[in-house]
Structure formats: structure tokens, C-alpha cells
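Reviewing the structure listed below.
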Amino acid sequence: MNKTNPLPTITVIGSGYVGVTSAAIFANAGYQVYALEINPKRLAAIKAGRSFFYEDYLNPLLEEAVKSGRLIATDSYKEAIPYSDIVFSCVGTPDNPDGSSNLSYIYAAASETAIHAKSGLVYAQKSTVPVGTGAKVEEIFHDADAKISYVSNPEFLREGTALLDSLWFDRVVVGGADPLATKAIIDVYQHVSDLRSTIAQVADMTPGNTVVSDPEYIATSRNSAELIKVSANAFLALKISFANSIAKLADAAGADVVEVMDGIGADARIGRSFLNAGRGYGGGCFPKDVSGLISSGLQHGIDLGIMQAASAENHAMPGYILEKAMNHIEGESFAGKKVAFLGIAFKAGTSDVRKSPAIKMVNLLSEKMEANVHAYDPQALTEEDARGQLHGDVVVAPDMNSALRDADMVIIATDWNEFKEFPLETYATLLNGTILVDAMNCLDPTAVRDAGLTYVGVGR
Ligand code: UGA
């Protein structure tokens with residue numbers, strides 16, 4: 001808290017998806033916010049009022065936050081922590097080769113904070129960490145001069161809808177032993193919730209009518225909060241892999257997995273969401289959290305075979321879909337065929353390609369199946385990093401039309417609106433062949449067939 005602002009001063013450590021979004025929202029809710037970022041490229045982007053990744057509505061909020069002076073980006077703990085009442089740790093937790101989480105950034109952020117903190121600081125861990133991590137961070141704080149209260153405050157926002165999820169959140173989970181610290185964190189979210197319409201206006205965002213108006217605030221123990229986060233992601237991954245397993249059976253038995261999941265999802269106990277069969281899950285969270293949970297289980301002597309199965313199912317989907325597509329090609333070979341490959345991002349609405357199943361498909365096609373792949377994505381391929389993950393023979397198409405022109409087949413691997421809304425007749429006109437592979441089950445098979453194309457979906 002400072003003299004001119006009655007609200008607590010906040011530092012957000014780490015400017016990835018969660019950190020940048022949180023910092024932008026807190027600053028627009030009136031908090032004085034420091035964004036602590038050690039990566040020079042990311043730091044420069046925030047200072048310029050923009051994010052280093054594509055996310056709808058985020059840049060106007062960042063721009064406003066920086067312009068107003070309420071968001072100050074720095075790479076120095078000394079410039080931020082001593083003035084802060086609350087710290088949100090949003091640093092990365094990449095996975096180790098054995099599937100466990102690399103927690104070096106978690107401990108480094110805590111250790112640096114411990115050096116500079118003033119007494120009474122509340123330290124909220126938003127990064128996804130294995131259960132038991134908070135206990136180790138608390139040991140670091142135990143040795144600090146200042147009294148620091150630790151809470152686990154897992155993040156549930158999704159990339160592509162980060163602003164919507166952060167303003168119209170359905171729940172806030174805060175786990176820790178100090179009730180005052182828990183209250184301090186809940187107060188921040190309640191304040192954001194009170195101002196969400198005003199903040200949305202700055203972002204020029206209309207929330208639609210599917211939003212939650214009455215969020216739940218859930219106070220738990222520290223370990224429970226940690227486990228809630230990874231288990232939530234693991235359960236969603238499980239739903240997807242379940243849908244994909246049934247999709248294979250539907251293919252074999254002549255059923256339509258979309259109809260099946262609609263029927264199952266109508267049961268309120270199950271719900272329809274995250275039962276969309278397709279090329280599987282990717283991104284910075286599900287693959288990592290599934291392997292992290294398996295690894296946590298092993299450390300505690302618990303065999304989470306159910307998650308091993310979900311992961312194996314997920315790994316198999318790209319190959320399964322390509323095999324299915326191959327059966328529709330004359331001569332049953334991709335060799336020398338031009339394939340228009342639409343969608344590289346791990347999901348629509350983001351430029352993120354981390355662990356994207358689409359990349360796995362492209363590379364299988366180009367390298368193993370010797371197809372002549374022309375890939376296009378509205379956002380993901382602008383970055384050198386993303387292009388660098390593609391097999392050397394893949395051609396990056398500047399637009400959809402040039403990818404499609406004279407191709408023998410089109411594969412839709414990310415359900416961007418641009419692909420869903422593209423006229424089916426134009427697909428048919430531009431293509432040389434007739435096969436449309438819908439690896440996201442995002443088109444209407446009848447409409448595709450009516451346009452003169454052969455529809456190949458997943459489990460339908
Ligand atoms: C996920 C969770 O949904 C968030 O609640 C969580 O906060 C976040 O991880 C995180 O831990 O930070 P995110 O990875 O952004 O969010 O994306 P999702 O929308 O969950 O999608 C993950 C993957 O599953 C995507 O590749 C998507 O295409 C795939 N998916 C999703 C399916 O294949 N089928 C579905 O029915 C749903």
C-alpha cells in the first residue's frame with residue numbers, strides 16, 4: 001500500500017501467459033503493479049505495453065496499464081519486492097526429461113523475494129506445481145528476516161480466452177495456513193470481479209451470456225490447493241482421451257462420436273465439455289500436468305495407471321488420424337502428394353505451439369510419410385520459434401488460399417474460425433483432390449459432402 005493508492009501493491013513474478021494477463025488485469029483494477037521479468041525480450045514487450053504472445057483483448061489492457069503508470073515492468077527484485085504487499089508467483093515450471101516438473105524458477109523466485117520482502121508480505125503461488133512444493137517454499141521463507149505468508153492460488157485460465165476466464169472466473173482456490181493471507185488474496189479477486197465490466201470495456205470485450213456471475217471462493221489447505229490444480233487439468237485430459245478412445249471404437253463400429261458425446265454429455269453428472277474427440281490435447285499445461293501427476297504419484301508410491309493410459313491415448317491420436325486419412329488416398333500413400341495443413345497452434349485463439357499435436361502431425365506427414373506439406377496458421381507461424389519446430393521440407397504458406405491451391409488433401413488440425421467459416425465450395429474449388437480431413441471434428445460432415453468433398457473425421 002502507498003500513500004496515494006489505498007489498495008495493496010502487487011508484484012507479479014514471471015510474464016508468461018498467466019503473469020502478463022494477471023498483471024494487466026490487476027493494474028486495470030487500480031492496483032499498483034510491478035511485473036518482474038528477467039527475459040529481456042519479454043521485459044521490453046511489456047514496457048512497450050504489449051504481450052509477446054497473441055491473446056485477444058490483452059494488448060489494450062497492457063497499453064492502458066503501462067500508460068497510466070500502474071504497471072511497471074522491471075527485471076530487478078530490489079525495485080519491486082520491498083514496496084509490495086502481495087506477490088503472485090507466475091514463473092514457468094517446464095517439464096524435466098523424466099516428466100517431473102523443473103521447479104528451479106519457483107525456488108529462485110522465492111529465494112530472491114525472501115531477501116527483499118517487508119514483513120507481512122503475502123506470497124501467492126499461481127504457477128502449477130506438484131503437491132508438496134509449497135511446503136519447500138515455506139522452508140525458504142522460514143529462514144527470511146521478514147514474516148512472509150505463503151498461499152497456493154492455482155490459476156484456471158485458458159489460453160485463447162484468458163481475459164474472459166480471468167474476469168468472469170467460476171472459482172478462486174486459495175490454500176494456506178494463514179487466514180489473513182487467504183483473505184488478502186480473495187479480496188483481490190473480489191475487487192477484480194466488482195470491476196470486471198469496466199475492465200472489459202477497456203479491452204473492448206463483450207463477455208457474451210455464458211459467463212459465470214457468481215464465482216465460488218474456496219479456501220483449502222495448501223496441499224489440497226496444489227492438488228486441485230493438477231487434478232483438474234488431469235481430469236480434463238482424461239475426458240479428452242476417453243472421447244478419443246470412443247472415437248476409435250465409433251470408427252470401427254460405424255457410429256458417430258459427436259452424437260455419442262452429445263448423448264453422454266447431456267447427463268448433468270458428466271457434462272458435454274472436453275469430450276470433443278480429435279487430434280488430442282497439447283499446450284503448456286495438459287501434457288506437462290499429466291506427466292507431473294504421474295511422477296508425483298510415483299514419488300508417493302501411487303501408480304496412476306489411469307493417467308498413463310490417457311497420455312498414451314493422446315500420443316497415438318496424430319498417427320491414428322493420418323493412417324485413417326491415408327486409407328482414402330488412391331494407392332494409400334502420401335508420398336509426393338500436396339497436403340494443405342491448416343492450423344499449427346495447440347488450440348484456436350493462440351499463437352502457442354508448445355506440444356501441439358498439429359506439429360506432430362505435420363512432421364509425421366512430411367518426414368515419415370513423405371508428403372509435400374504446405375502449412376498455414378493465422379497466428380502461430382509468424383514466430384521463428386514455431387517455424388523452427390517444423391520439419392525442414394514443410395512449406396509455410398502465407399495464406400489459406402495458397403496452402404489449398406491444387407492440394408490433394410486438406411487437413412484441419414486447429415479449429416480457427418477462419419477455417420470453419422471458409423466457404424466449403426471454395427475449399428472444393430481450390431483443391432485438386434477431394435479429401436477434407438477434419439482432425440478437430442469442427443465441420444458438418446453433410447455440408448462438406450454436399451460441397452463435393454470426401455469428409456474424414458475422427459470417430460465419425
Ligand atoms: C488448460 C485448462 O483448461 C485451464 O483451466 C488451465 O488453467 C490451463 O490449462 C493451465 O493449466 O494453465 P489451456 O491449456 O489453455 O488450458 O487449453 P484448453 O482449452 O484446456 O485445451 C487444452 C488442449 O485440449 C488443446 O490442445 C485443445 O485443443 C484440447 N481439447 C480440448 C480437446 O482435444 N478436446 C476438447 O474437448 C477440449
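Whatever order the structure lists ligands and atoms in, that order sets their numbers, starting from 1. In this chain, residues are counted from 1 in sequence order. These figures come from a predicted structure and were not determined experimentally.
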[X] with [Y]: basic N within carboxylate O range, under 4.0 Å:
{"X": "Glu155", "Y": "Lys229", "value": "no"}
{"X": "Lys288", "Y": "Asp95", "value": "no"}
{"X": "Lys47", "Y": "Glu37", "value": "no"}
{"X": "Glu138", "Y": "Arg222", "value": "yes"}

Any atoms of ligand 1 less than 4.0 Å from a non-hydrogen atom of [X]? List them with their elements.
{"X": "Phe346", "value": "14 (O), 15 (O), 17 (O), 22 (C), 25 (C), 26 (O), 28 (O)"}
{"X": "Arg279", "value": "26 (O), 28 (O)"}
{"X": "Glu159", "value": "15 (O)"}
{"X": "Phe156", "value": "4 (C), 5 (O), 6 (C), 7 (O)"}
{"X": "Lys229", "value": "6 (C), 7 (O), 10 (C), 11 (O), 12 (O)"}

Min side-chain heavy-atom separation Val456-Ile411 under 4.5 Å: no

Heavy-atom side-chain contact between Asp377 and Leu342 under 4.5 Å: no

Nearest-neighbour protein heavy atom for atom 37 (C) of ligand 1, which is reported as residue plus atom name and distance: Phe274 CD2, 3.4 Å

Shortest protein heavy-atom distance from atom 13 (P) of ligand 1, along with the residue and atom involved: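 Checking every protein heavy atom, the shortest distance to atom 13 (P) of ligand 1 gives Lys347 NZ, 3.9 Å.
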
Polar contacts were defined as any N/O atom of the residue lying under 3.5 Å from an N/O atom of the ligand; does this apply to [X] and ligand 1?
{"X": "Glu155", "answer": "yes"}
{"X": "Tyr281", "answer": "no"}
{"X": "Cys285", "answer": "no"}
{"X": "Ser273", "answer": "no"}
{"X": "Leu157", "answer": "yes"}
{"X": "Arg158", "answer": "no"}
{"X": "Leu236", "answer": "no"}

Classify the contact between [X] and ligand 1 as side chain, backbone, both or neither, using a heavy-atom distance cut-off of under 4.0 Å.
{"X": "Leu275", "result": "backbone"}
{"X": "Phe286", "result": "side chain"}
{"X": "Asn276", "result": "both"}

Lys239 heavy atom under 4.0 Å from ligand 1: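 Under 4.0 Å: no for Lys239.
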
Close approach, Gly282 and ligand 1, non-hydrogen under 4.0 angstrom: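 Yes; Gly282 lies near enough to ligand 1 that a heavy-atom distance drops under 4.0 Å.
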
Pair Tyr77, Asp75: side-chain N/O donor-acceptor within cut-off below 3.5 Å: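 Judged by distance alone, the side chains do not pair up.
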
Tyr320 six-ring face occupied by Lys248 cation (under 6.0 Å, within 45°):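 Flagged: Lys248 positioned over aromatic ring of Tyr320.
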
Arg171 to Phe156 six-membered ring, cation-pi geometry met (6.0 Å, 45°): yes

Option set Ile240, Asn314, Thr161, criterion heavy-atom distance to atom 32 (C) of ligand 1, minimum: Ile240

Asp56/Tyr54 under side-chain hydrogen bond (donor to acceptor under 3.5 Å, both in side chains): CA gap, chis, key distance, verdict: CA-CA 7 Å; Asp56 256 350; Tyr54 171 78; 2.8 Å; yes

Trace of the ring pair (Phe, Tyr, Trp, His ring centres under 6.0 Å) decision for Phe341 with Tyr376: CA-CA 6 Å; Phe341 197 93; Tyr376 169 73; over 10 Å; no

Minimal non-hydrogen separation, Ala375 against Val394, with atom names: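 Where Ala375 meets Val394 most closely, the heavy atoms are CB-CG1, 3.9 Å.
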
